[in-house]
There are 2 protein chains.
Amino acid sequence: MITLPEKTVERLCKYRRVLYNTISAGKQHIFSHELANLLQITPVQVRRDIMLIGYSGTLRKGYDIKDLISLIGNILDTPEGQKAAIIGLGNLGSSILTYFNGKRAKLSIIAAFDIDPQKTNRVFGGVQCYPVDRLEEVIKAQGIRLAILTVPANQSPDIVEVLAMSGVKGIMNFTPKALHVPDNIYLEEYDMVTSMEKVAYFIKQN
Amino acid sequence: MITLPEKTVERLCKYRRVLYNTISAGKQHIFSHELANLLQITPVQVRRDIMLIGYSGTLRKGYDIKDLISLIGNILDTPEGQKAAIIGLGNLGSSILTYFNGKRAKLSIIAAFDIDPQKTNRVFGGVQCYPVDRLEEVIKAQGIRLAILTVPANQSPDIVEVLAMSGVKGIMNFTPKALHVPDNIYLEEYDMVTSMEKVAYFIKQN
DNA sequence: TTTTAATTGTGAAAATGATAACAATGTGAA
DNA sequence: TTCACATTGTTATCATTTTCACAATTAAAA
């Protein structure tokens with residue numbers, strides 16, 4: 001399968017989410033403009049994304065919701081599910097942990113790490129917290145490939161190195177420090193402060 | 001002043017952040033390639049952004065850090081500072097509140113809202129928590145123009161309507177539901193679950 | 001049955017964003 | 001002083017993403 005554009009992947013996640021709601025509401029088919037309305041985007045964009053994943057709707061009936069959900073699942077999910085670890089169980093880290101787990105069937109946080117001995121070797125939100133010096137061991141043993149970074153900024157570079165060695169292939173970086181990762185690791189910078197400042201700028205502009 | 005590209009604005013925020021660190025370390029000038037290294041981007045991009053904000057460096061000396069910081073400040077900040085409210089003081093909401101406040105001088109959360117009577121009329125992280133039915137009143141009175149949405153998804157549409165009426169001009173949406181906002185409101189969708197799924201997809205691909 | 005109209009699928013154009021390439025310039029070395 | 005070269009500023013190019021425009025099709029109405 002060819003790699004889809006990043007923006008299309010983001011929208012596929014959102015399509016799936018609203019399609020679940022739609023099917024619970026008893027619908028079986030949906031038009032591109034309906035799906036577009038639910039997400040505040042254009043119908044063309046919906047059709048183009050669906051074209052890119054190689055699905056076809058029925059003219060005048062729209063897209064079969066079940067088919068679409070299952071196709072998006074094939075694209076986004078792995079059959080066994082993907083395992084993630086969260087590194088840093090401070091205020092932000094622990095609320096992300098509880099907020100996230102259970103939201104997606106095929107993607108879950110199964111290990112946590114912290115340096116604070118008060119936190120390690122305990123269970124938070126159903127997830128075991130290990131000391132950071134066991135990162136490599138645990139990640140390898142559990143086959144974790146996705147890491148969520150919520151440590152204080154100054155600690156992140158060292159941790160990235162260990163993560164890379166441990167076989168992690170994707171990082172969500174919640175720390176405000178831009179990370180340097182090897183080419184084979186996919187990095188998503190998720191910096192709230194920057195996003196807030198951006199919003200503030202566009203408020204100022206209007 | 002012309003409106004800058006969205007991506008440039010994001011980078012300006014990041015430039016400023018690392019420039020503060022650099023100046024604390026005693027440097028007075030910085031080259032485009034140095035700034036680029038700190039953010040893991042290319043020197044051309046740095047030069048182009050700086051060109052777009054109308055600043056000029058000195059050949060063979062680089063950019064004056066203080067000037068650059070202050071120019072970026074002129075662009076991003078308002079002199080009085082911008083005021084934000086957070087709506088929904090659950091797990092995620094409260095950790096965002098404590099995480100964010102103090103990070104930026106000219107941008108702060110000055111009011112919180114919740115429906116839970118256990119939380120309202122108390123102070124969290126230095127910020128007063130009001131009942132949601134006082135949204136419009138408080139936002140108008142305090143001149144708040146930026147809202148951070150961390151309520152359960154089903155409640156968000158109603159709240160957006162009130163926010164729009166109250167004069168809010170920008171929304172950071174942490175809820176997983178795509179919002180419908182009027183044209184004159186800038187919306188930043190900040191959905192962690194979607195971002196995680198995107199990372200998972202690119203892990204699967206490689 | 002024929003017509004109408006709604007909807008899909010997609011090539012082409014436009015907009016946005018990133019990179020390449022290089023002329024201009026002035027600093028420091030010789 | 002002159003020369004070499006590091007660095008900026010910017011134009012042109014390339015890549016990605018979104019939108020436009022419209023042919024093709026077929027379900028439902030007449």
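Reckoned from all heavy atoms, side chains included, excluding hydrogens, waters and symmetry mates. Throughout, protein chains are lettered first and strands after them, A, B, ... in sequence-line order, and every chain is numbered starting at 1.
- Residue B/Lys7 has its side chain nearest to C/dA18 when only C/dT10, C/dA18, D/dT10 are considered.
- Atom CG in A/Leu59 sits roughly 18 Å away from atom P in C/dT4 (whole-Å rounding).
- A close approach under 4.0 Å does not occur between any side-chain nitrogen or oxygen of A/Arg47 and OP1 or OP2 of C/dG11.
- No hydrogens or angles were tested; on distance alone, nothing pairs the side chain of A/Arg48 with the base of C/dT8 as donor and acceptor under 3.5 Å.
- Nucleotide C/dA5 holds its C1' atom 12 Å from the CZ atom of A/Phe31, rounded to whole Å.
- In summary, of the residues considered (B/Lys7, B/Lys14, B/Arg16, B/Arg11), a salt bridge (charged side-chain N to carboxylate O under 4.0 Å, His left out) with B/Asp49 occurs for B/Arg11 alone.
- Heavy atoms of other residues, nucleotides or ligands lying less than 6.0 angstrom from NZ of B/Lys119 number more than 12.
- In the interface, the side chain of B/Arg11 is not paired with the base of C/dG17 through any donor and acceptor atom under 3.5 Å apart.
- For B/Arg60 and C/dT27, a side-chain-to-base donor-acceptor distance below 3.5 Å is present, hydrogens and geometry of angles not being considered.
- Residue A/Thr8 is classed as having no contact, given no heavy-atom separation below 4.0 Å to the nucleic acid.
- Atom-to-atom, NE2 of A/His29 to C1' of D/dA28 comes out at 16 Å; the value is rounded to the nearest Å.
- Contact check on A/Asp64 versus A/Lys27 returns no salt bridge, with no Lys/Arg side-chain nitrogen under 4.0 Å from an Asp/Glu carboxylate oxygen.
- B/Asn37 places its CG atom 12 Å from the P atom of D/dT7, with the value rounded to the nearest Å.
- Other residues, nucleotides and ligands place more than 12 heavy atoms under 6.0 Å from the NZ atom of A/Lys103.
- Rounded to a whole Å, the CD atom of B/Glu34 is 12 Å from the C1' atom of D/dA6.
- Protein atom CG of A/Leu4 is 14 Å distant from nucleotide atom C1' of D/dT16, rounded to whole Å.
- Distance, A/Ile50 CD1 to C/dT10 P: 12 Å, rounded to whole Å.
- Contact check, A/Thr58 against C/dT8: no side-chain N or O comes under 4.0 Å of OP1 or OP2.
- For the OP1/OP2 pair of C/dT8 and a distance below 4.0 Å, the side-chain nitrogens and oxygens of A/Ser32 include at least one atom meeting the criterion.
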Decide side-chain contact (heavy atoms from CB on, under 4.5 Å) for A/Ile50 and A/Leu71; before the verdict, give the C-alpha distance in whole Å, the side-chain angles of both, and the deciding distance to 0.1 Å. CA-CA 10 Å; A/Ile50 288 175; A/Leu71 181 54; over 6 Å; no
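- Atom C1' of nucleotide C/dA12 and atom CE of A/Met51 are separated by 12 Å, given to the nearest angstrom.
- Both A/Lys61 and A/Pro5 lie near DNA chain D, and the one whose nearest nucleotide falls closer to the 5' end is A/Pro5.
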